[in-house]
Number of protein chains: 2
Amino acid sequence: MSNIITNFNDKTVKYTQLLSDFKILLKKNSLKFTIQREVILETLYKSDKHLTPESLHHLIKENFPELKTGIATVYRTLALLEDSDMVTSLSFGAQGKKYELGAKEHHDHMICTTCGDITEFVDEEIENRQDSIAHELGFEISDHSMQIYGICKNCKN
Amino acid sequence: MSNIITNFNDKTVKYTQLLSDFKILLKKNSLKFTIQREVILETLYKSDKHLTPESLHHLIKENFPELKTGIATVYRTLALLEDSDMVTSLSFGAQGKKYELGAKEHHDHMICTTCGDITEFVDEEIENRQDSIAHELGFEISDHSMQIYGICKNCKN
DNA sequence: AGATATAATGCAAAAAATTATTATTTAAGA
DNA sequence: TCTTAAATAATAATTTTTTGCATTATATCT
Ligand SMILES: [Mn+2]
Ligand SMILES: [Mn+2]
Ligand SMILES: [Zn+2]
Ligand SMILES: [Zn+2]
């Protein structure tokens, strides 16, 4: 019997919901809803991957060529989304920061150093233990990030 | 009763031991032992902090001004040390990659988002659970990294 | 110790990544 | 539709990291 939950691919949040949250957030801060911002959110959602600002920008240029989105806008929007906790950034291995929509449930990452494949998972036992540790050290947790590196099932063969 | 171990400040490995390991490693790979490499290792050891290539370079220029160590050498040596598993890199928050000597025992990090203070810890329960998870998913662990973010005891007051 | 081979270094240039500037466009609200 | 304030693209400027190369230093061999 296991506590592990994997498969976060089936999206737990509908895009329309996400979009509406985004709009509310923008309004609350007197910010404007733009096509660029929508496209960035949508691309993050559809791709369902861990993207660098660069790779996200590429995807957008590919899928929305008529909209000449600048890289600076991607950076600015990612920063905005991260500040508002709609996306999370993490960095594994050599490459730089990667972003993913934080709309799915919290999860940690298991990364294959051979093929680069990423398995997302959550384990209740670890989550609980983290809380206990923080409590014992008088620390008030806001967040955490955990990555396990190694060789995946496939690559072992 | 707690499983948590903190205080990794009392160095578990003597510098002379570390240095000798380094020399053996270099010889094994037909690489040369240089003053720059020694100074980089020594500075990492003495500082006992999480340093960016930039801050490490600054420390070295301060403490060994006669040796005009170039930043490129710092980058190259950090890469070498990381490849050989003598240092570990991790990246929290906004700033870039930070390096620390991996000679001390493995540990994870609890980072105060207010004052930036870092508490290092290890929890056996979590370590074990990570192994179980990997096993269940057919994954062969080589390493892991875990950071807990929040507000520390001091900053709560 | 001196000669030889080869790796490492510093410096400068190049490349990559990120941030700031600004004129122009666009969204939101009246 | 008109007004105004924010966002954008484009570009420049910074910052960070990597690379090329001429010179220096290290290890090994006589
Ligand atoms: Mn993920
Ligand atoms: Mn540490
Ligand atoms: Zn794999
Ligand atoms: Zn603090």
Side-chain angles (χ1 to χ4, degrees), chain A residues 19-20 22-43 50-61 64-84 86-87 89-99, chain B residues 19-20 22-43 50-61 64-84 86-87 89-99:
Chain A
L19 187 60
S20 131
F22 191 27
K23 285 180 175 171
I24 290 170
L25 168 85
L26 290 172
K27 188 152 292 183
K28 235 189 277 184
N29 293 86
S30 325
L31 303 176
K32 291 175 178 172
F33 179 72
T34 63
I35 306 201
Q36 287 81 355
R37 285 177 174 166
E38 172 165 25
V39 156
I40 287 167
L41 188 73
E42 186 185 327
T43 306
H50 302 86
L51 301 171
T52 61
E54 178 64 16
S55 59
L56 176 54
H57 187 227
H58 255 94
L59 269 180
I60 289 170
K61 281 197 296 187
F64 307 87
E66 77 285 2
L67 193 75
K68 300 193 194 315
T69 313
I71 183 76
T73 298
V74 174
Y75 273 101
R76 283 183 297 230
T77 305
L78 282 174
L80 166 63
L81 287 169
E82 186 168 27
D83 283 351
S84 338
M86 291 193 66
V87 309
S89 73
L90 63 158
S91 42
F92 6 96
Q95 318 103 329
K97 249 200 228 179
K98 303 227 185 56
Y99 293 82
Chain B
L19 188 60
S20 129
F22 191 26
K23 285 181 177 173
I24 290 169
L25 167 86
L26 291 172
K27 187 149 294 179
K28 236 190 273 186
N29 294 84
S30 324
L31 302 175
K32 290 174 180 174
F33 179 73
T34 63
I35 305 201
Q36 287 82 353
R37 287 179 171 165
E38 173 164 24
V39 155
I40 287 168
L41 187 74
E42 186 185 327
T43 306
H50 302 86
L51 300 171
T52 61
E54 179 64 17
S55 60
L56 175 54
H57 187 225
H58 255 93
L59 270 181
I60 289 171
K61 282 198 295 190
F64 305 87
E66 77 285 3
L67 193 72
K68 299 194 195 317
T69 312
I71 184 76
T73 298
V74 173
Y75 274 99
R76 284 182 295 230
T77 304
L78 283 174
L80 164 65
L81 286 169
E82 186 169 27
D83 283 349
S84 339
M86 289 193 67
V87 309
S89 73
L90 63 159
S91 42
F92 4 95
Q95 319 102 330
K97 249 199 228 179
K98 304 225 187 59
Y99 293 81

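All heavy atoms count here, side chains included; hydrogens, waters and symmetry mates do not. Chain A is the first sequence line, chain B the second, and so forth, proteins listed ahead of strands; every chain is numbered from 1.
Residues passing the side-chain contact (heavy atoms from CB on, under 4.5 Å) test with A/K27: none are found, sequence neighbours excluded.
In this structure, the side chain of A/R37 does not engage the main chain of A/K23 through any donor-acceptor pair within 3.5 Å. In this structure a side-chain-to-backbone donor-acceptor pair under 3.5 Å is missing from A/S55 to A/L51.
Between the CD1 atom in B/I24 and the CG atom in B/N29 there is a gap of 12.0 Å [rounded to 0.5 Å]. Atom CG of B/L78 sits about 6.5 Å away from atom CD1 of B/I40, to the nearest 0.5 Å.
In this structure, the helix from C/dA1-D/dT30 to C/dA30-D/dT1 shows an angle of 40° between the axis at its start and the axis at its end, each fitted on 5 base pairs and rounded to 10°.
Taking every heavy atom of both residues into account, B/L26 and B/K32 meet most closely at CD1-O, 3.9 Å. The two residues A/P53 and A/V74 have their closest heavy-atom pair at O-CG1, 3.7 Å. Considering every non-hydrogen atom in both A/H57 and A/T69, the closest pair reads NE2-O, 2.7 Å.
Note: NE2 (B/H57) to P (D/dT18) measures 15 Å, nearest angstrom. One can place CD of A/E54 at 15 Å from C1' of D/dT16, the figure rounded to the nearest angstrom. As a whole-Å value, the separation of A/L67 CG from D/dA10 C1' is 14 Å. D/dT15 atom P lies 19 Å from atom CD1 of A/I71, rounded to whole Å. Whole-Å rounding puts the A/E66 CD to D/dA9 C1' distance at 15 Å.
When side chains are defined from C-beta on, A/L19 does not count as touching A/E42, because their heavy atoms never get closer than 4.5 Å. In this structure, B/T43 and B/F64 have side chains that are in contact, with non-hydrogen atoms separated by less than 4.5 Å. Between A/L31 and A/L80 there is a side-chain heavy-atom pair separated by less than 4.5 Å.
Taking a 6.0 Å sphere around CD1 of A/I35, one finds it holds 12 or fewer heavy atoms contributed by other residues, nucleotides or ligands.
Residues from residues 25-41 of chain A that place a heavy atom under 4.0 Å from any atom of DNA chain D, listed by number: A/S30, A/L31, A/K32, A/T34, A/Q36, A/R37. For the contact set between residues 72-79 of chain A and DNA chain D, defined by any heavy atom under 4.0 Å, the members are A/T73, A/R76.
The outermost nucleotides of DNA chain C lying under 4.0 Å from heavy atoms of chain B, listed 5' to 3', are C/dT6 to C/dC11.
Sequence neighbours left out, the pairs with a member in residues 73-82 of chain B that pass side chain to side chain donor-acceptor pair (under 3.5 Å) are B/T73-B/R76, B/E82-B/S89.
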